[in-house]
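First the structure, in the form of structure tokens, and then the observations on it.
Letters go in sequence order (proteins before strands), and every chain restarts at 1.
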2 protein chains.
Amino acid sequence: MSISTGKKPSAGDRHAPPSGVLERGLFLMSLFSMERPRLQLRDLAQLSGLDKATTLRALRTLAKWGYLERTPEGAYSPGPVNLRLASIFKATSNFIARLEAPISAISGRANQTASFFVRSRDDRVCLVRDHAFQDFRYFIEVGGTVKLSEGGAAAQLLLAYTEPEDDDARAAIRQAGHYISRGERNRHFASIAVPLFESDRSFLGAVTITGMAVDLDDEMLLGFKAMIGEEVAAASFTTA
Amino acid sequence: MSISTGKKPSAGDRHAPPSGVLERGLFLMSLFSMERPRLQLRDLAQLSGLDKATTLRALRTLAKWGYLERTPEGAYSPGPVNLRLASIFKATSNFIARLEAPISAISGRANQTASFFVRSRDDRVCLVRDHAFQDFRYFIEVGGTVKLSEGGAAAQLLLAYTEPEDDDARAAIRQAGHYISRGERNRHFASIAVPLFESDRSFLGAVTITGMAVDLDDEMLLGFKAMIGEEVAAASFTTA
DNA sequence: ACAGACATTTTATTAGATGAAACGGAAGAG
DNA sequence: CTCTTCCGTTTCATCTAATAAAATGTCTGT
């Protein structure tokens, strides 16, 4: 009753928990992140706003199927089944595996974080990521999604190449074949995003290099563009 | 009613579908595999034994949260969220990333499939795998689980090192520091499994090399043991 | 021995899951 | 072109199975 009618002004319930057992279970899974890879019942119940007993039942089922596993201390963390599903996912989008080496090489040569994003409805999803030596806590993790409306170099570029309704700004981005952002999503960062095409010229997504704004002037970012082109060409992709 | 009382002797319902919405949803996810990465509503309903409407509702929720995505043709396949959870899983079991290079090297040097398994309750789970040039359809995929009771070199070795109740056979395996199987799970294959320890000597799981029995006599399999030791040592693991 | 923090079980109540049937739309055959 | 078939989707009366508050169990530290 506390969900539909009552109000729980307790700490962590910014959003009301979803209704429906399956949705609640998936919601619980979504509470795990790189920053919080292990959570105990109490935390999950509080974060989700669900009753302890309800949370426990869901966690048990999730653990029974390997989506979660219990640590020796009794906390929960994502389990091995996710690996299985991730490898099936990778197999269905056949180009991800092919992109891993180029992204790694790009990251190494730029000594910055390199990523690959695709559009999924109104979000962008990070599918490949290599961190070089940077502190990665400010970034979206692999598989993570961000609303396109939140901006960023990758978002602008994805919109330019995939949005049905066109305008001058988007045409200009396509004309240039890249987009540079400065502090658009995070004040301290700058990025360049370039489009990635399959060998048959079909658009796949955006390759980006991101780093601290102080380290990267526009000239340097622009210089990365040719290098990205070289590296992805080794895997038969193109950037134009 | 068809689930609890009725009988559906149709094609693919070897097991009755689980009850509980969450469990049913997870069950649906488990129907995807490397061999069947895309399934449509009809297939999923039939394979699971669930009603079409029930299946549809679950699939919609799963897709809404990114666990599944729809192909242009309307079929379902595992979605990008699995990638996110897999990377969190990898981060929590920090040794997986460290093992990937050694497994790859072992596979290359033996020119056979190399894998790493851990025990999870009464199952073994494949966490790392490199295929060399073999046809991989006969093998468990990464993240895949198999009952320990089904045997195989890895299963025997995991039992020897993790089962609380000991017996002579298990003590002998620990004494030898390896286990060789021939046709135990599959008539045509042979494997050697060796234990993997963290640098502090805590047991992690089993490294195996598997190939066609005709190509691998016991002497050859035994010869791999030292090589495995060398390669994992490069990542500060040990095999004894 | 007591208190506090968590995990787990129990149970009466009803929200919400279920599935048979009907509908709709697309593709193919005659 | 109409008829048929095959799927996905919607609807709705029925009742299973999910819910949450409270009680109980299990630690840990004082």
Exercise. Where is the tightest heavy-atom contact between A:Thr208 and A:Ala154, given as atom of each residue plus distance?
Worked result: CG2-CB, 3.7 Å
Exercise. Between the side chains of A:Gln40 and A:Glu73, does any donor sit under 3.5 Å from an acceptor?
Worked result: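 Their side chains do not contain a donor-acceptor pair, so the 3.5 Å distance test is not met.
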Atom-pair distance ([atom1] on [X]; [atom2] on [N]), nearest Å:
X: B:Glu23; N: C:dA17; atom1: CD; atom2: C1'; answer: 15 Å
X: A:Glu73; N: C:dC6; atom1: CD; atom2: C1'; answer: 15 Å
X: B:Asp51; N: D:dT11; atom1: CG; atom2: P; answer: 16 Å
X: A:Arg70; N: C:dC6; atom1: CZ; atom2: C1'; answer: 11 Å
X: A:Leu44; N: C:dC6; atom1: CG; atom2: P; answer: 13 Å
X: B:Leu56; N: D:dT10; atom1: CG; atom2: P; answer: 7 Å
X: A:Gln46; N: C:dA5; atom1: CD; atom2: C1'; answer: 13 Å
X: A:Gln40; N: D:dT26; atom1: CD; atom2: C1'; answer: 14 Å

Exercise. Taking the side chain of B:Val21 as its heavy atoms from C-beta onward, which of D:dT9, D:dA18, C:dG19 lies nearest to it?
Worked result: D:dA18
Exercise. Which of these nucleotides, D:dA17, C:dA7, D:dT9, is closest to any side-chain atom of B:Ser19?
Worked result: D:dA17
For this session: Assign each of A:Ala53 and A:Leu22 to its nearest nucleotide of DNA chain C by heavy atoms, then name whichever residue's nucleotide is nearer the 5' end.
Result: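 By nearest-heavy-atom nucleotide position, the 5'-most residue is A:Ala53.
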Exercise. Taking for each residue the nucleotide of DNA chain C with the nearest heavy atom, is it A:Leu41 or B:Thr54 whose nucleotide lies nearer the 5' end?
Worked result: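 Final value for this comparison: A:Leu41.
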For this session: Give one of base, sugar-phosphate or nothing for A:Gly20, where a contact means two heavy atoms less than 4.0 Å apart.
Result: sugar-phosphate
Exercise. Could A:Arg70 and A:Tyr76 be counted as a cation-pi pair, given that NZ or CZ must be under 6.0 Å from the ring centre and within 45° of the axis?
Worked result: yes
Exercise. Are OP1 or OP2 of C:dT9 and a side-chain N or O of A:Arg60 less than 4.0 angstrom apart?
Worked result: yes
Exercise. Looking only at side-chain N and O atoms, does B:Arg57 come under 4.0 Å of OP1 or OP2 in D:dT9?
Worked result: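 No, because none of the side-chain N or O atoms of B:Arg57 sits under 4.0 Å from OP1 or OP2 of D:dT9.
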Exercise. Below 6.0 angstrom between ring centroids: does that apply to A:Phe116 and A:Phe95?
Worked result: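 Centroid distance A:Phe116-A:Phe95: below 6.0 Å, so yes.
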Exercise. Are A:Glu100 and A:Arg129 ion-paired here, with the side-chain N under 4.0 Å from a carboxylate O?
Worked result: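 Between A:Arg129 and A:Glu100 there is no salt bridge, as every charged N stays at least 4.0 Å from the carboxylate O atoms.
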